[in-house]
Each structure stands twice: as C-alpha cells, then as structure tokens.
Number of protein chains: 2
Amino acid sequence: MSCKIHAESYNEIIERNWPAGIKKTRQRMDIFEILYASENPISANDIFVAITRSHPQEMYAISTIYRNLLAFEKAGVITKHVLSTEDNAVYELSSRRHHHYAVCLLCHKKFPINACPLHIIEEDIDNSLPGFEITGHTLEVYGYCKDCKSE
Amino acid sequence: MSCKIHAESYNEIIERNWPAGIKKTRQRMDIFEILYASENPISANDIFVAITRSHPQEMYAISTIYRNLLAFEKAGVITKHVLSTEDNAVYELSSRRHHHYAVCLLCHKKFPINACPLHIIEEDIDNSLPGFEITGHTLEVYGYCKDCKSE
DNA sequence: TTTCAAATGCGAATGATTTGCATTTGCAAT
DNA sequence: ATTGCAAATGCAAATCATTCGCATTTGAAA
C-alpha cells in the first residue's frame, strides 16, 4: 500500500505558482492542473481530452487550449517541445524535473537519457549573453537504436 | 582580400559524402549542394527557392524536397530542428559545425551560443543506452533577451 | 539495351495550429 | 454589491506546412 502525502491541494499549488500578469480563469486553472499532474510532456489535444473527460459538463474550445499554452509559454511557465519524428508539439512545466530523449530515426521510439546540459548552458549564457534570462530548454538526440541498427 | 582555397568541387564533395543506400538523383544532389553551402539551418521552402533560382530551367516539386529531406534525415545525414517560436522545420548537415541558440520568447530573436553538450550526451548514452548510434542532436534555450526583459 | 523498383511531378488531402468575431467573464474601481 | 471594460472564450472558418496518391520518368544493375 503506497503512502502518498497530499501536502497541498491544487488550489494551493496554483495559488503558489501562478505566473504574474496572467488572468486567472477556470480554463487556465484546468490546463495548469493537467500539466501539473502529468508525468510527461503532453500535447494540446491530450490536454483537451483530459479536461473534457474530467469536466464533462463544461464547454471547452481547443483554440482556448492553444491560446493559453502560448500565454503560459510566453510567461516562461511551460516549455514547448517538437520532436522531429512527431507531428505535434508537446508541453511541460518548465520547472518540472524532466528527461531528455534519444529518438530513433527509424522506429521513432524515445529513450529517456540522464544527461541534462543546463549547467553548461547557464555558465555559457552568463558569459556570452549577459542579461538573457533562461526559462526552459529542449534537447533531443537523434540516431539509431540498438534494434534498428542491427538490420 | 580573402583567400579561400577551393579544395574540391561539389561533385567531389558529393562523391565523398554520399550516404550509402540512397540513390543519386539530380534533385538529391541539388538539395545536398544547397545544404552543404548553407551556413545556417534552412527550411524546405528555402531550399526550394534556392534551387528554383539557380536552376531556372529545371522542374521541381516541393514534395520532392520534403521526401528527400526525410530520406536524408533517416540516413543520418541531416538533422531537422523545430523551434518552438517558428512554424516550420529547418535542416542542416549533421556533420556541419553548428550553433545552438538562445531564443527569446517575446521578440523571437535567436542568439547563437557556444555551449554544445555533445560530449556529455555521448558519455551518458554510452553508459545508459549502449548500442544507440548518435547521428545528430538539437538544443534550444528559451527565455527573455536583455531588451525584452527590461520592459 | 532492357528492366524494374524507386523517385518524381502534380495536385489534392491532411491535420495541427491560428484567427475573426460575437459573446462572456474576471476583476478593479466605484 | 454593482458597474465597466479589457481580456478571454467558444465557435467556425481559414491557414499553411507537410504528406499522399497516382501516372510518368529515371538511375543503375544485369
């Protein structure tokens, strides 16, 4: 039996993490909640489906999802990723502990990797681009996985 | 007065670098030539325009550009990048000395950075994902540039 | 040469994302 | 509380990069 401590409600979390200058609407809070709960980066459509499921009585427009993802992105709250092997963008909270992926160009499988170059980047940007404020980053490695290479 | 040594013709370069298992067609050689000549990552449409300009008498279909970019990508010859702030993909030779970019979420300006995490990635993949053969990678940093931050 | 799978041109389809506009809503100032 | 209004939303249509189907052409192996 697992023993998870439910330290704070979503309301408290939202209260604490809400980005300045972004009006708080029901739709935005719902989107934030889905992003907060998701282990992995998810697409606009994933969010749309998840919200439609958990709030069947409410009306949602997919365009609202896109508009708000853009607003969150501009606020530095989320980071948008586009894999070269997939046809839609995925999003995750910039603050979330994340993985980068090695992606096979043939079978398109994604393998999480440990390397995260954030420290190098920060150091480099401090030196060569002073004044730039980092909010997020993406890294993907492309190549051939073991199985595909042996063919 | 600059003094560039024109060591080898495109024909020789193509001869030397042509990926195995990819049939050599006029269209593919033209695309390769454009990619080879380009300092920066370029889009499918950029390539289409460049080829149309330099070979006005020849027929080209934009779909051929896309199909061949995909073929080159699968062969590991080129790497496809999609910036979260732009709406089309760009491509560059995987072997080319490249830059990564810090991208401003507000003005969308791109600032080349020096950091390239390839060594860390290679080391990590050797350990955690043995057998994976790296052909290329992408890295982008998102945030606010100095000018946009002061507003 | 001949042969044939693979590549191309062309035009139409796809589908993720964006946009215009009438309506609704959060919230700051009464 | 109520009001006023800029900002946000729902809806449907538009956009536009990318992909696909198919008839024709072509590279290169035999």
Side-chain angles (χ1 to χ4, degrees), chain A residues 11 14-15 18-34 41-52 55-75 77-91 105 108, chain B residues 11 14-15 18-34 41-52 55-75 77-91 105 108:
Chain A
N11 285 335
I14 286 175
E15 211 54 55
W18 199 257
I22 295 223
K23 198 193 273 187
K24 208 181 289 183
T25 67
R26 171 172 58 79
Q27 290 84 342
R28 287 174 175 175
M29 288 169 60
D30 287 346
I31 292 171
F32 186 93
E33 188 175 320
I34 302 286
I42 53 179
S43 69
N45 194 60
D46 291 341
I47 295 171
F48 181 69
V49 169
I51 292 182
T52 303
H55 305 268
Q57 75 289 3
E58 293 170 4
M59 276 295 95
Y60 273 90
I62 186 77
S63 55
T64 299
I65 309 276
Y66 279 106
R67 276 190 283 235
N68 288 332
L69 287 172
L70 182 60
F72 282 136
E73 192 194 358
K74 280 191 172 175
V77 176
I78 66 175
T79 300
K80 176 182 178 183
H81 303 263
V82 190
L83 290 196
S84 92
T85 51
E86 303 192 352
D87 55 359
N88 55 4
V90 293
Y91 304 82
L105 293 170
H108 296 184
Chain B
N11 286 335
I14 286 176
E15 211 54 56
W18 199 257
I22 295 221
K23 198 194 274 186
K24 208 181 288 181
T25 66
R26 171 172 59 79
Q27 290 83 342
R28 286 174 175 176
M29 289 169 61
D30 287 347
I31 292 171
F32 187 93
E33 188 175 320
I34 301 286
I42 52 178
S43 70
N45 194 60
D46 291 341
I47 295 172
F48 181 69
V49 169
I51 292 183
T52 303
H55 305 267
Q57 73 291 2
E58 293 170 4
M59 277 294 96
Y60 272 90
I62 187 79
S63 54
T64 299
I65 310 275
Y66 279 106
R67 275 190 285 236
N68 288 332
L69 287 172
L70 182 60
F72 282 136
E73 191 193 0
K74 280 191 171 176
V77 177
I78 66 175
T79 300
K80 176 182 177 181
H81 304 262
V82 190
L83 289 197
S84 92
T85 50
E86 302 191 354
D87 56 359
N88 55 4
V90 293
Y91 304 82
L105 293 170
H108 297 182

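Naming: A, B, ... by sequence-line order, numbering from 1 per chain. All values below were derived from every heavy atom in this structure, side-chain atoms included, with hydrogens, water molecules and symmetry-related copies excluded.
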Distance, rounded to the nearest Å, where Arg28(A) contributes CZ and dT25(C) contributes P: 15 Å

Would you mind classifying the nucleic acid contact of Ala71(A) as base, sugar-phosphate or nothing, using non-hydrogen atoms under 4.0 angstrom? nothing

What pair of heavy atoms forms the shortest contact from Ala44(A) to Tyr91(A), and how long is it? N-CE1, 4.1 Å

Backbone N or O of Ile42(B) within a donor-acceptor pair of the Asp46(B) side chain at under 3.5 Å? no

Rounded to whole Å, how long is the line connecting atom CG of Asp30(A) with atom P of dG26(C)? 12 Å

If you measure from the Lys or Arg side-chain nitrogens to the Asp or Glu carboxylate oxygens, is any gap between Arg28(A) and Glu33(A) under 4.0 Å? no

Closest approach to the side chain of Ala61(B), judged atom by atom: which nucleotide of dT17(C), dG9(C), dG10(D) is it? dG9(C)

Which heavy atom of Trp18(A) sits nearest to which heavy atom of Lys23(A), and what is that distance? CZ2-O, 3.9 Å

Whole angstrom value for the distance that separates P of dT8(C) from CE of Met29(B): 12 Å

Rounded off to whole Å, could you give me the OH-to-P distance for the Tyr66(B) and dG9(C) pair? 15 Å

Considering only dT18(D), dT17(C), dC11(D), which nucleotide approaches the side chain of Met59(A) most closely? dC11(D)

Which pair of heavy atoms, one from Asp30(B) and one from Glu58(B), lies closest together, and at what distance? OD2-OE1, 3.4 Å

Taking only nitrogen or oxygen atoms into account, show me every contact under 3.5 Å that the protein makes with nucleotides 22-27 of chain D, one pair per line with its distance.
unit_1: dG27(D); atom_1: O3'; unit_2: Lys24(B); atom_2: O; d: 3.4

Take atom CD1 of Ile65(A) and atom P of dC11(D), then tell me their distance rounded to the nearest Å. 12 Å

What is the distance, to the nearest angstrom, from the CD atom on Gln57(B) to the P atom on dG9(C)? 13 Å

Shortest non-hydrogen contact from Ser84(B) toward Lys80(A): O-NZ, 3.3 Å

Taking only N and O in the side chain of Gln27(A), is any of them less than 4.0 Å away from OP1 or OP2 of dG10(D)? yes

dT18(D) P sits how many Å from Leu69(B) CG, rounded? 9 Å

So, OP1 or OP2 of dT8(C): does either fall under 4.0 Å of a side-chain N or O from Asn68(B)? yes

Between Ile31(A) and Leu69(A), which heavy-atom pair has the shortest distance, and what is it? CG2-CD2, 4.3 Å

Whole-Å distance separating the CG atom of Leu83(A) from the P atom of dT18(D): 15 Å

Please work out if Ser63(A) contacts a base, only the sugar-phosphate, or nothing of the nucleic acid, heavy-atom cut-off 4.0 Å. base

